[in-house]
Amino acid sequence: MTIKGIKGVKDLLPEETPRWRLIEETARRWAGLYGYREIRVPIFEVTALFARSIGASTDIVEKEMYTFPDRDGTSLTLRPEGTAGTVRAYIEHNRAADPLPQKYFYTGPMFRHERPQAGRLRQFHQFGVESFGTADPKADVEVIALLWRFLSDLQLPALTLEVNNLGYTTDREAYRPTLVAYLADRTAALCGNCQRRIETNPLRVLDCKVPECRTATENAPALADSLSDKARAYFASVLQGLNAIGIPYRQNHRLVRGLDYYCLTTFEVTTTNLGAQNAVGAGGRYDGLVETLGGPPTPAVGFAVGLERIAMMLPEGASASSEKNRTIYVAGFGERGSAAGLAALEELRRAGVIAVSDFRAGTLKAHLRQADRLGCGFSLILGDDEAQKGSAVLRNMQTKAQIETLLSSLVSQVKNSLASS
RNA sequence: GUGGGUGUAGCUCAAGGGUAGAGCGCCUGACUGUGGCUCAGGAGGCUGCGGGUUCGAAGCCCGUCACUCACCCCA
């Protein structure tokens, strides 16, 4: 029995990595343009970190974490998301004491033990940003703008931005009983899951996709109606900011995030063709989290996007710039020719020219076939005859034009040809 | 955790009880030092695995594993 990869964990083969580089480079570029700096935090942390930040009763913590004991018995967990570790690092290094705006981005693998399906894996990748220490609604606007510009730049189809106001914790605590009372009156009309949710997470009932639940909650009391003036004013400023900079959004009063730490602004960007999933990225404000994890009271906003989901949506031909036509294939054959070819390869590479060869090929025909398959712009033909003369033949693979060049002036000749093609 | 679908050549898929096939890809030759195109030839399979039914199983039955989609939940 040969060893295979783990369920829900995928290899990215060389054919696909250019698409991924395009996504990652675009993400880094936009994050940089907005003044976010990269942070790299560990891929695993003490389990308690995630339990405390994400929320002990969320699905992620209850049943989806890769948790294992360290040798001394400490419970460790592969990170299921990026915010917890970033916050931990922020606190641990006392970044609050630094007078600069604390704006971070991260990218990397996350782990959740779920049943894999389209757009959902056990090891998946996220890009995310966190803005610490700014309570101004402009910080929310900035984060949303960054998310929107980044995804728009990639030309993902049918992007929609939905925003909602969850209010302050006290607002939700005030609203919860009225919602529960409303739902309790019509449990029969709700799906089984929602009947359970009345206890565990009543707000989520509003976000249920089952049509019966949607109609049943049609006239439910809205969270928006029981928000405090302060929360309303805050959210109004966020919307005003989005209007001012031309970010199109839709208000969705039913939008509820799955993680416990969100407050005030929440948002989600959806798109099509993601199978049953439709969220590419989501985020919100989480003012209480830093304090919950033992840091000073710190306002914060952030988002995360799923890189696999972006990759699924990316137009077919999209990829980072190709290097193929700038590559020169060295066809060294025959005893002296292949020896001279090896030297030429190395010389070209040290001079900054992308140079390749297939050492399995023994004949010129086989070499040129490989050059063609690799899509190289030029081939350097170097057989025994040329080696004897101290020369080589440089062939333009498109035009078939060939020029003979001395090996002593190889690099300059090749660079000239590459530049003029 | 629950349910559906699918497992046949490197890839995409045919064959629905009677010798396992096609397209693409790969290798060789036509072209002995010139790629793509064309033509001719060739290699490649315990039909996921284990049992059962049958004279005979890729096919039917049972089990099992893998992949996949969906529920749940989420990025």
Side-chain angles (χ1 to χ4, degrees), chain A residues 1-2 4-10 15 54-55 57-64 79-83 107-128 147 151 191-194 196-197 200-201 204 207-210 256-259 267-271 274-284 302-313 329 331-334 337 358 360-387 392-402:
Chain A
M1 195 60 175
T2 54
K4 298 174 69 180
I6 297 165
K7 182 199 284 285
V9 175
K10 286 204 166 163
E15 289 76 14
I54 298 167
S57 65
T58 57
D59 277 16
I60 293 178
V61 171
E62 273 183 350
K63 50 191 189 191
E64 294 176 1
R79 63 182 187 190
E81 51 98 54
T83 300
T107 183
M110 308 294 165
F111 306 84
R112 293 182 199 172
H113 190 108
E114 303 178 272
R115 286 287 285 271
Q117 71 187 70
R120 205 175 60 191
L121 297 169
R122 289 186 174 177
Q123 175 177 330
F124 59 104
H125 297 78
Q126 287 188 337
F127 163 79
L147 172 62
L151 295 176
C191 71
N193 287 315
C194 283
R196 265 183 286 115
R197 282 176 182 143
T200 58
N201 188 355
R204 271 261 14 199
D207 200 26
C208 184
K209 290 174 216 149
V210 177
V256 177
R257 306 273 66 245
L259 283 59
F267 51 91
E268 182 172 279
V269 174
T270 56
T271 181
L274 285 178
Q277 313 333 306
N278 62 354
V280 228
F303 71 73
V305 294
L307 266 34
E308 279 79 4
R309 292 185 182 179
I310 293 177
M312 285 169 76
M313 297 313 307
Y329 184 96
F333 58 102
D358 183 347
R360 298 168 306 179
T363 64
L364 178 57
K365 187 191 189 73
H367 273 305
L368 287 177
R369 187 162 53 228
Q370 293 303 73
D372 188 48
R373 284 176 179 159
L374 289 163
C376 296
F378 288 86
S379 287
L380 187 74
I381 298 171
L382 224 177
D384 285 343
D385 295 353
E386 287 81 3
V393 173
L394 188 59
R395 176 182 177 85
N396 182 317
M397 295 300 283
Q398 273 84 53
T399 66
K400 299 184 178 187
Q402 300 193 160

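Just so we're on the same page: letters track the sequence lines, and every chain starts at 1. For the numbers below, each heavy atom of this structure counts, side chains included, while hydrogens, waters and symmetry mates do not. What you see is a predicted model; the values in this text were computed from it and never measured.
- Neither OP1 nor OP2 of B/A75 sits under 4.0 Å from any side-chain N or O of A/Gln126.
- In this structure, A/Val280 and A/Val269 have side chains that are in contact, with non-hydrogen atoms separated by less than 4.5 Å.
- Rounded to whole Å, the P atom of B/A70 lies 48 Å from the corresponding atom of B/G35.
- The nearest heavy atom of RNA chain B to A/Gly8 and to A/Val269 marks one nucleotide each, and the one closer to the 5' end goes with A/Gly8.
- Nucleic acid contact for A/Leu121: base, since at least one base atom lies under 4.0 Å from a heavy atom of the residue.
- Across the P atoms, B/U38 and B/A43 are found 22 Å apart, a figure rounded to whole Å.
- For the P atoms, the distance linking B/C11 with B/C46 amounts to 12 Å, nearest Å.
- Within the 4.5 Å cutoff, no side-chain heavy atoms of A/Arg395 are placed close to those of A/Phe378.
- Every residue two or more places apart in sequence or in another chain that forms a ring-ring contact (aromatic ring centres under 6.0 Å, His included) with A/Phe127 is listed here: A/Phe105, A/Phe150.
- At whole-Å resolution of the value, CD in A/Glu64 and C1' in B/C72 are 9 Å apart.
- Here, B/C61 and B/U68 have their C1' atoms 24 Å apart, quoted to the whole Å.
- Stem regions for RNA chain B, each three or more consecutive Watson-Crick or G-U pairs with both distances under 3.5 Å and listed by first number, read B:1-7 with B:65-71, B:10-13 with B:21-24, B:26-30 with B:38-42, B:48-52 with B:60-64.
- No side-chain heavy atom of A/His367 sits under 4.5 Å from any side-chain heavy atom of A/Thr363.
- Atom CZ of A/Arg112 and atom CZ of A/Arg122 lie 13.5 Å apart (nearest 0.5 Å).
- Residues A/Pro80 and A/Glu64 fail the side-chain proximity criterion, which asks for heavy atoms closer than 4.5 Å.
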Could you pull out the protein-nucleic contacts involving nucleotides 1-6 of chain B (nitrogen or oxygen on both sides, under 3.5 Å)?
from, atom 1, to, atom 2, distance (Å)
B/U2, O4, A/Arg115, NH1, 2.9
B/U2, O4, A/Arg115, NH2, 3.3
B/G3, O6, A/Arg115, NH2, 3.4

* Asked: How does protein reach along nucleotides 26-43 of chain B, written 5' to 3' as B (base within reach of a heavy atom under 4.0 Å), S (only sugar-phosphate), or - (no contact)?
  -> SSS--B-BBBB-------
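- Taking atom CD1 of A/Ile54 as the reference point, atom C1' of B/A75 lies 13 Å away to the nearest angstrom.
- Note on A/Gly128: nothing from the nucleic acid sits closer than 4.0 angstrom, heavy atoms only.
- Qualifying side chain to side chain contact (heavy atoms under 4.5 Å, CB included) partners for A/Val61, counting only residues two or more places apart in sequence or in other chains: A/Ala51, A/Ile54, A/Thr58, A/Met65.
- Listed for the A/Arg309 side chain is a donor-acceptor partner under 3.5 Å among the backbone atoms of A/Ala279.
- Here the straight-line distance linking atom CG of A/Leu121 with atom NZ of A/Lys7 works out to 12.0 Å at 0.5 Å rounding.
- Taking the side chain as every heavy atom from C-beta outward, A/Phe333 and A/Ile381 approach each other to under 4.5 Å.
- Here, B/G44 and B/C39 have their C1' atoms 22 Å apart, quoted to the whole Å.
- Here the separation of B/A9 from B/C49, taken at their P atoms, is 10 Å to the nearest Å.
- Note on A/Gln117: a side-chain N or O is less than 4.0 Å away from OP1 or OP2 of B/C71.
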Below 3.5 Å between N/O atoms, which protein atoms pair up with nucleotides 44-46 of chain B? Just atom names and distances, please.
none

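- Note that CE of A/Met110 is 10.0 Å distant from CD of A/Gln123, once rounded to the nearest 0.5 Å.
- What separates CZ of A/Arg122 from P of B/U68 is a distance of 11 Å, to the nearest Å.
- Between A/Phe303 and A/Phe267, the two ring planes are perpendicular [angle over 60°; tilted spans 30° to 60°].
- The distance from the CE atom of A/Met312 to the OG1 atom of A/Thr271 is 10.0 Å, given to the nearest 0.5 Å.
- Smallest separation of non-hydrogen atoms from A/Cys376 and A/Tyr329: SG-CB, 3.8 Å.
- For A/Thr399 (side chain) and A/Ala401 (main-chain N/O), a donor-acceptor pair under 3.5 Å exists by modelled atom type.
- B/C26 and B/G7 have their C1' atoms separated by 24 Å, with the value rounded to a whole Å.
- Comparing the same atom, P, in B/G21 and in B/G42 gives a spacing of 14 Å after rounding to whole Å.
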